[in-house]
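All residue numbers refer to positions in the sequence shown, counting from 1.
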Amino acid sequence: MKLDEIFENENEKPLDNIVSDGGYTAIFRTICCIGDSLSSGEFEADGGNGNSTYHDMFEFSWGQFIARMCGSRVYNFSRGGMTASEYCDSFAASKDFWNPEYASQAYIIALGVNDILGQRQEIGGINDIDFNDWRNNKKNFAGYYAEIIQRMKEIQPRAKFFLMTMANEGANDGRIKDKEEHSRLLYDFADKFDNTYVIDLLKYAPVYDEKFKEKFFMRGHMNPMGYLLTAKMTASYIDYIIRHNMDDFNEIGFIGTDLHS
């Protein structure tokens, strides 16, 4: 084993090394996934007359695939159609998701598709955030997204946060500019908030073009293979982040305690 190839390879890209066992993501014994249908293992079925029906089947979510890879406890704080605004204004409270009982060592946030691409909400920016009090954040996507981070930090101050960008759908992706703006916002958050990193699927994931969708989608949502692939990419990306920032993760075992090394 050549450790410099594992931990000090400056030429390695985030998804060059796809892990099957979760890799170093397994150091997190509790993980919370906050997202929409793509975080919920949602399958889209034929509802007849050209319509679809939608079914969140959490055991097929990428979060639960990661749970089985790593042997970790993974919470699905998600639902089909979810937006950051709905999450903050009603959903999280109705499901008791602000409860410290669910405090986790890592949070993976995958929101923006319904907010920005679906509802065309104002994205906003880093200047819309009151970093001292989330109650003063502007009521746009940036403000609500930051509120989630801020409130989870109140619950678990030393937790690690991984913010997921939207994937590139190739030459026919008519919303690529919005996705790029969304990505820039997440990088701004990672610069501003401590213990926060970006899972940049827009830059490093395979292009979700027609050829990709033939294999990994069922109608407008992913099929089981697609969610498993997403789990492998997510775990591999976090594994990469950990290996390239080892000092940041020394005290994962102390999260939720008053202990320090």
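The closest donor-acceptor contact from the side chain of N76 to the backbone of S39 lies under 3.5 Å. In this structure, K153 contributes its side chain and A159 its backbone to no donor-acceptor pair below 3.5 Å. With hydrogens and angles disregarded, no donor-acceptor distance shorter than 3.5 Å links the side chain of S52 to the backbone of E44. Side-chain atoms of H182 come within 3.5 Å of backbone N or O of L111 as a donor-acceptor pair. Panel note: side chain R29, backbone G253; no donor-acceptor pair is recorded below 3.5 Å. The closest donor-acceptor contact from the side chain of T165 to the backbone of L202 lies under 3.5 Å. Put simply, the side chain of N223 gets close to the backbone of M225: a donor and an acceptor are under 3.5 Å apart. No donor-acceptor pair under 3.5 Å is formed between the side chain of R219 and the backbone N or O of F43. Remark: the backbone N or O of D248 is not paired with any side-chain donor or acceptor of N245 at under 3.5 angstrom. Put simply, the side chain of D130 never gets that close to the backbone of N137: no donor and acceptor are under 3.5 Å apart.
Rounding to the nearest 0.5 Å places OH of Y102 at 10.5 Å from NZ of K95. From F216, atom CZ reaches atom NZ of K213 across 13.5 Å, with rounding to the nearest 0.5 Å. Rounded to the nearest 0.5 angstrom, L228 CG and S61 OG are separated by 11.0 Å. Atom CD1 of I31 and atom OG1 of T25 lie 6.5 Å apart (nearest 0.5 Å). Here the CD1 atom belonging to I129 is positioned 6.0 Å from the CD1 atom belonging to I126, to the nearest 0.5 angstrom. One finds the CD atom of E210 at 10.0 Å from the CZ atom of F217 (value rounded to the nearest 0.5 Å).
Between G63 and C33, the closest heavy-atom pair is CA-SG, 3.9 Å. The two residues D178 and I116 come nearest to each other via the heavy atoms CB-CG2, 3.9 Å. Heavy-atom minimum distance, Q105 versus I255: O-CD1, 3.7 Å. Contact between E251 and S261 at its shortest, heavy atoms only, is OE2-OG, 2.8 Å. Considering every non-hydrogen atom in both S236 and V19, the closest pair reads OG-N, 2.9 Å. For F91 against S78, the heavy-atom pair with the smallest separation is CZ-O, 3.8 Å.
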Practice task
Determine, step by step, whether N114 and E86 satisfy the side chain to side chain donor-acceptor pair (under 3.5 Å) criterion, reporting the C-alpha distance in whole Å, the side-chain angles of both residues, the deciding distance to 0.1 Å, and the verdict.
Solution key: CA-CA 11 Å; N114 297 305; E86 182 182 357; over 6 Å; no

Practice task
Might you work through the side-chain contact (heavy atoms from CB on, under 4.5 Å) test for K160 and I252, ending with a clear yes or no?
Solution key: CA-CA 9 Å; K160 304 297 184 180; I252 292 302; 3.9 Å; yes

Exercise for the section: Could you check L38 against Y227 for side-chain contact (heavy atoms from CB on, under 4.5 Å), going step by step and ending with a plain yes or no? Expected result: CA-CA 8 Å; L38 295 178; Y227 289 119; 4.2 Å; yes

Exercise for the section: Just do the side-chain contact (heavy atoms from CB on, under 4.5 Å) check on Y237 and L15 with the steps written out, would you? Expected result: CA-CA 6 Å; Y237 208 123; L15 296 179; 4.1 Å; yes

Practice task
Given side-chain contact (heavy atoms from CB on, under 4.5 Å), test K232 with S20 step by step and report yes or no.
Solution key: CA-CA 7 Å; K232 288 177 179 288; S20 59; 4.1 Å; yes

Exercise for the section: Could you go through the side chain to side chain donor-acceptor pair (under 3.5 Å) check for D16 and Y240 one step at a time? Expected result: CA-CA 9 Å; D16 284 351; Y240 167 88; over 6 Å; no

Exercise for the section: Could you give me the CA-CA distance, side-chain angles and deciding distance for Y87 and W98, then say whether ring-ring contact (aromatic ring centres under 6.0 Å, His included) is met? Expected result: CA-CA 11 Å; Y87 190 92; W98 304 121; 5.7 Å; yes

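A donor atom on one side chain and an acceptor atom on the other are found under 3.5 Å apart for Y144 and D89.
Geometrically, R184 does not engage Y187 in a cation-pi contact defined by less than 6.0 Å to the ring centre and at most 45° from the axis. Both tests pass for K192 against the ring of F131: distance under 6.0 Å to the centre and angle within 45° of the axis.
Ring-plane geometry between F161 and Y107 is classed as parallel, the angle between the planes falling under 30 degrees on a 0 to 90 degree scale with a further cut at 60. Note: Y197 and F162 have parallel aromatic rings, judged against thresholds of 30 and 60 degrees for the angle between ring planes.
With respect to R243 and D239, a salt bridge is recorded, a charged nitrogen being found less than 4.0 Å from a carboxylate O. A salt bridge does not link R175 to E169: none of the charged side-chain nitrogens sits closer than 4.0 Å to a carboxylate oxygen. We find that D133 and R135 are joined by a salt bridge, their nearest charged nitrogen and carboxylate oxygen being less than 4.0 Å apart.
Between L229 and F212, the closest side-chain pair of non-hydrogen atoms falls below 4.5 Å. Residues E154 and Q150 form no side-chain contact, since every pair of their non-hydrogen atoms from C-beta on lies 4.5 Å or further apart. Taking the side chain as every heavy atom from C-beta outward, F97 and Y75 never approach each other to under 4.5 Å. Proximity of I148 to C88: side-chain heavy atoms (C-beta onward) are separated by under 4.5 Å at one or more points. F58 places none of its side-chain heavy atoms less than 4.5 Å from the side chain of V74. Residues K179 and L117 meet the side-chain proximity criterion, which asks for heavy atoms closer than 4.5 Å.
The side-chain contact (heavy atoms from CB on, under 4.5 Å) test with D36 singles out one residue from V113, T83, D115, D56, and that residue is V113.
A continuous path of hydrophobic side-chain contacts links W62 to I241 [ILVMFWY only; heavy atoms under 4.5 Å]. Taken together through direct or relayed side-chain contacts under 4.5 Å among Ile, Leu, Val, Met, Phe, Trp and Tyr, I242 and M69 form part of one hydrophobic cluster. By the criterion of side-chain heavy atoms lying less than 4.5 angstrom apart, applied directly or through intervening Ile, Leu, Val, Met, Phe, Trp or Tyr residues, M222 is not grouped with V207; the two fall into different hydrophobic clusters. The hydrophobic clustering, which links ILVMFWY residues whose side-chain heavy atoms are closer than 4.5 Å, places M82 and F141 together. Linking ILVMFWY residues whenever their side-chain heavy atoms come closer than 4.5 Å, directly or via other members, places I149 and L185 in the same cluster.
For R73, the CZ atom is loosely surrounded, since the number of other residues' heavy atoms within 6.0 Å does not exceed 12.
In this structure, the ring of F189 has its center less than 6.0 angstrom from the ring center of Y145.
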